[in-house]
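Shown next, in structure tokens, is the structure this report addresses.
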Amino acid sequence: MASDQTGDVVPPSLSAKVVGSFAYLTVRDRLPTILTKVIDTLHRNRNIFFEEYGEEGIQAEKQAISLLSKLRNELQTDKPILALTDGLEDTDSWNRYLQRQQWPHGNQELVSWFKSPWLYVECYMYRRIREALWLNPPISGYDVFKEGKTQSFFESQQAIVALCTFFEDFNKNLGDIPENQLQEYFNKLLQICLWGNKCDLSISAGMDNSQKTSPIDSLATLQKFILVDDSDVMWSRLISARQQRHSGKRSSVRVDFVLDNAGFELVTDLVLADFLVSSGLAQEVRFHGKSFGWFVSDVTVEDFHWTIRQSMAANHRWTSQRGVQWQQYVKEGMWSYHDHPFWTQPNEFCDMAADAPDLYATLQSADLVVFKGDLNYRKLAGDRDWDHTVAFERALRGFGPAPLCSLRTLKANIQVGLQPGQGSKLSSQDPDWMTCGKYAVIQFHSPNSDQQD
Ligand code: F6P
Ligand code: MG
């Protein structure tokens, strides 16, 4: 259990309610659709499994489908959540988490699909998909979401080309750009990276959700939908880290990205990271992603390298130039990709220091950590029914390995750090404001105010 800003231990039930009522509708409506698509993907690919593995591949596909159909039935009929049986490195911690859900209430009924916290059951479904595949070699490592991620990347080509052309405008003047203009580029690339988060396939249950128009042209129109904008503080943080490097207080500046979705969003992350390195604001970037297919479109190590390779091979000069540069950064070790089981667990981030101390220590050595997307926001703030005016810092409940920033378009019923009256005004104008993906936030927090100076 984490502490709030005063240092007191705050039981979750007293600090804010877990977002629970939301679970019923979404579990019933969206998750079965995603499972049906997964089953369909496996079925459509049976010939490929046969070509690669013969009859064994077909048997594995059938068994995996049968496990997934059973899972869909459990979900639709509100059966109890079952312990995992696949003996993977995270199996025990998932099962311990399940026990923690059961025993505080002493009531088995509470851990059924519709009556459990939404964040938990949603994560659990993706882990069970992983189990259904893992138990069926030789297709154990197959990413059932790969097709959708690939398609979304190709459908965003126009936007990717526009973004890489925009980057070239900055790149060709590199060296002569005054500070205020550098900040303007930063603000634009940051906002593109923010709105890139609209393109996730989990909210659309796997349906096309790619970026089709030029992301740069839309920025001015979208500005009014950014409900909290801490980009100036973020900029100050980067400038102060650069000054500390110049004065010899640190040898290099490192920015970590906790990635969200593949496709257009990942390209926007890479472009922002490229800007930070090319402009000398950072010398190292670490990307943190998922170790298996997660929330339909989240980035895995294969997606990360595939995206760089595809960009290199693009039939567009500035896009392929970026791809070549990105590959070079990876080769030289300035960019690196990391995964950790903690990112594919249901835990809130305030538990990270206790449950994944190695990961927490890694983040502590970053100068800035950028958390992308809605799911990361839910885990930062614990998916609680907070009053909208509660400070971001308080909702983090002690989580703060380093100065951090959340770039998130709103897709779930949680939002903190708003001005008094801002939430109710939004509710009367736009009742779906928290879930429709039209609004966004750039929210910054530094655990140690010295680090901001
Ligand atoms: O709304 C559906 C949903 O799966 C949310 O539960 C989840 O937070 C979100 O989509 C995923 O969005 P993102 O890719 O931005 O984390
Ligand atoms: Mg996602």
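All ligand and atom numbering here is 1-based and tracks the order in the structure. Predicted, not measured: the structure shown is a model, and the values here were computed from it.
- The CZ atom of Arg322 lies 4.0 Å from the CG atom of Asp274; values are rounded to the nearest 0.5 Å.
- Asp298 has its closest N, O or S atom to the Mg ion (ligand 2) at the position named OD1.
- Ring-centre distance between Trp343 and Phe349: below the 6.0 Å cut-off.
- Judged by a 6.0 Å distance limit and a 45° cone about the ring axis, Lys146 is positioned over the six-membered ring of Trp306.
- Coordination check, Asn261 versus the Mg ion (ligand 2): passed, since an N/O/S atom of the residue sits under 2.8 Å.
- Ligand 1 has no N or O atom lying under 3.5 Å from any N or O atom of Asp298, backbone or side chain.
- Atoms of ligand 1 found under 4.0 Å from any heavy atom of Gly373, numbered from 1 in the order shown, are 15 (O).
- Counting heavy atoms from C-beta on, the side chains of Phe399 and Pro447 never come closer than 4.5 Å.
- Residue contacts with ligand 1 for Lys372 are absent, since no atom lies close enough (heavy atoms, distance under 4.0 Å).
- No other N/O/S atom of Asp260 lies as close to the Mg ion (ligand 2) as OD1 does.
- Here Asp374 fails the criterion, with no N, O or S atom under 2.8 Å of the Mg ion (ligand 2).
- Heavy atoms from both the backbone and the side chain of Asp374 come within less than 4.0 Å of ligand 1.
- Of all atoms in ligand 1, numbered sequentially from 1 with element shown, those under 4.0 Å from a heavy atom of Leu375 are 8 (O), 13 (P), 16 (O).
- In Arg378, the part holding a heavy atom less than 4.0 Å from any atom of ligand 1 is the side chain.
- Using a 4.0 angstrom heavy-atom cutoff, Arg30 counts as in contact with ligand 1.
- Taking the six-membered ring for Trp and thresholds of 30 and 60 degrees, Phe186 and Trp235 have ring planes inclined between 30 and 60 degrees apart.
- The minimum heavy-atom distance linking Lys188 with Leu219 is given by the pair O-CD1, 3.7 Å.
- In this structure Ser311 satisfies the side chain to side chain donor-acceptor pair (under 3.5 Å) test with no other residue, sequence neighbours excluded.
- Every residue two or more places apart in sequence or in another chain was checked for a salt bridge (Lys or Arg N to Asp or Glu O under 4.0 Å) with Glu302, and none qualifies.
- You'll find the ring centres of Tyr97 and Tyr120 inside the 6.0 Å limit.
- Of all non-hydrogen atoms in Phe114 and Leu75, the two that sit nearest each other are CE2-O, 3.3 Å.
- For ligand 1, the polar-atom distance check finds an N/O of Asn197 within less than 3.5 Å of one of the ligand's N/O atoms.
- By the criterion of a heavy-atom distance under 4.0 Å, the side chain of Asp260, and not its backbone, is placed next to ligand 1.
- Against a heavy-atom cut-off of under 4.0 Å, Lys411 is close to the following atoms of ligand 1: 1 (O), 12 (O), 13 (P), 14 (O), 15 (O).
- Considering both main-chain and side-chain atoms, Phe295 never comes within under 3.5 Å of ligand 1 through any nitrogen or oxygen pair.
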